[in-house]
Amino acid sequence: MMKSVNVSPFLCSLTVATMSNDPVREWILSEGKATEIKRISPIGGGCINNASRYDTDAGSFFVKTNRSIGPSMFEGEALGLSAMYDTQSIRVPRPFKVGALPTGGSYIIMEFIEFGRSRGSQSVLGRKLAEMHKAAKSEKGFGFYVNNTIGSTPQINTWTLDWIEFYAEHRLGYQLKLARQQYGDSTIYEKGQRVMKNLGSVFENVVIEPCLLHGDLWSGNISSDKNGEPVILDPACYYGHNEAEFGMSWCAGFGGSFYSAYFEVMPKQEGFEKRRDLYMLYHYLNHYNLFGSGYRSSAMSIIDDYIYMLKV
């Protein structure tokens, strides 16, 4: 029987912070229970947002800001982090507050996690990721509570009862339309449409449950804490087929021990290999739309392979 996900109070009552001259400092010195901010240190690595570490007498906080985008992007991230946190499976930063900046833009305050020197054990990562997929399933079907972003691309999460319909329309279809709009690429659009309209045979004899997915699991979003436990960051969460989690495996560095441990908890299903590239296609298309033509050939190669496989 499908288990209903427990929705946390954060998911039910996320509110945008009231405006002040420095709402981040105000929250830390009130609800964050600090009386002194000792140091603010910039943290590099992001290409969309600015990140800082706030050290206080009540511990450290991680803060991301974006000067041009409103709170909706960080709201989606916070809802995803909260949903993953509530599974008590794999470690994620706990979100505390999302709000608007008085000069425009937005911020998110979350738990600061001290990272270790490596990504940690591949097998532990695989097992804990599978435990998260197994623990959190939605009775609403496939989708999420809000639309969010994959990188800076909108990700549509309208609840849909059928996975093939959801993936075709809100994942592949959305990216194909974007490629046509941005680049006038009618070739990739028309060929991609042929694939997305004929996906049924790829999912024969497959049990598909709406599992909570991180949604953007690549090496830059995987780390470990100082105890070596895996940590995953910067999600683009939604409820989907668990195999879709591996769509970024081409730049995630998953090894054999990762998959072996994962499939011990979430058994591998028939036809896994022939669906693997289908889930990569979404991310290659997104990279094409975000970063340009360098990713087009990879996306087109996958589309051509499925046209041949599906005989469409």
Side-chain angles (χ1 to χ4, degrees), residues 1-12 14 62 76-96 108 110-116 118-146 148 150 155 157 163 207-249 252-269 272 279:
M1 179 180 291
M2 188 179 299
K3 186 170 75 173
S4 175
V5 63
N6 292 320
V7 180
S8 74
F10 189 94
L11 282 163
C12 296
L14 180 68
F62 181 69
E77 179 178 354
L79 290 170
L81 287 170
S82 185
M84 293 191 297
Y85 182 87
D86 286 348
T87 68
Q88 295 297 296
S89 53
I90 192 166
R91 190 169 186 190
V92 300
R94 184 181 181 185
F96 296 126
I108 179 172
M110 65 183 82
E111 172 190 9
F112 179 85
I113 296 176
E114 192 80 52
F115 292 149
S118 72
R119 287 177 50 184
S121 165
Q122 285 265 308
S123 60
V124 175
L125 174 64
R127 175 174 56 81
K128 286 184 173 289
L129 185 66
E131 288 172 353
M132 183 182 82
H133 292 167
K134 190 172 185 178
K137 297 186 174 74
S138 171
E139 291 184 339
K140 291 185 175 183
F142 304 95
F144 201 55
Y145 308 100
V146 296
N148 48 26
I150 180 79
Q155 184 167 257
N157 294 316
W163 168 248
V207 177
I208 305 174
E209 294 182 303
C211 302
L212 178 63
L213 307 182
H214 174 282
D216 191 17
L217 203 59
W218 66 290
S219 58
N221 291 341
I222 302 169
S223 189
S224 66
D225 64 19
K226 60 185 179 181
N227 297 318
E229 289 295 309
V231 179
I232 55 177
L233 318 159
D234 294 338
C237 285
Y238 65 100
Y239 290 89
H241 186 200
N242 66 299
E243 293 175 9
E245 192 76 283
F246 310 130
M248 283 290 286
S249 59
F254 298 143
S257 62
F258 167 86
Y259 286 108
S260 294
Y262 180 89
F263 290 132
E264 285 180 7
V265 179
M266 293 285 286
K268 184 177 181 180
Q269 295 201 64
F272 170 78
Y279 290 134

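Computed from a predicted structure; not experimentally measured.
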Testing the basics here: between [X] and [Y], what is the closest heavy-atom pair and its distance to 0.1 Å?
X: M110; Y: P93; result: SD-CB, 3.7 Å
X: E111; Y: F96; result: N-CE1, 3.4 Å
X: M132; Y: T87; result: CG-OG1, 3.8 Å
X: S257; Y: Q122; result: OG-CB, 3.2 Å
X: P210; Y: G141; result: CB-O, 3.2 Å
X: S121; Y: S123; result: OG-OG, 2.9 Å

Looking at [atom1] of [X] and [atom2] of [Y], how far apart are the two atoms once the value is rounded to the nearest 0.5 Å?
X: L213; Y: Y279; atom1: CG; atom2: OH; result: 9.0 Å
X: F272; Y: N242; atom1: CZ; atom2: CG; result: 8.5 Å
X: F62; Y: I108; atom1: CZ; atom2: CD1; result: 9.0 Å
X: E209; Y: K134; atom1: CD; atom2: NZ; result: 10.0 Å
X: Q88; Y: D86; atom1: CD; atom2: CG; result: 7.5 Å
X: F254; Y: L217; atom1: CZ; atom2: CG; result: 4.0 Å

Just wondering, do Y259 and S249 contact through their side chains at under 4.5 Å, heavy atoms?
yes
Are any non-hydrogen side-chain atoms of C211 and E245 less than 4.5 angstrom apart?
no
Under 3.5 Å: donor-acceptor pair, side chain of [X], backbone of [Y]:
X: D225; Y: I113; value: no
X: Q155; Y: A236; value: yes
X: E77; Y: P235; value: no
X: N221; Y: D216; value: yes
X: Q269; Y: V207; value: yes
X: H214; Y: L233; value: yes

Full working for side-chain contact (heavy atoms from CB on, under 4.5 Å) between L81 and R94:
CA-CA 7 Å; L81 287 170; R94 184 181 181 185; over 6 Å; no
In I90, L79, L212, the residue satisfying side chain to side chain contact (heavy atoms under 4.5 Å, CB included) with M84 is L212
Partner of Y239 under side chain to side chain contact (heavy atoms under 4.5 Å, CB included), chosen from W163, F144, F142:
F144
Between Y262 and F246 (judged by ring centroids, cut-off 6.0 Å), do the two rings come close enough to count as a pair?
yes
Should the pair E229-R91 be classified as a salt bridge under the 4.0 Å nitrogen-to-oxygen rule?
no
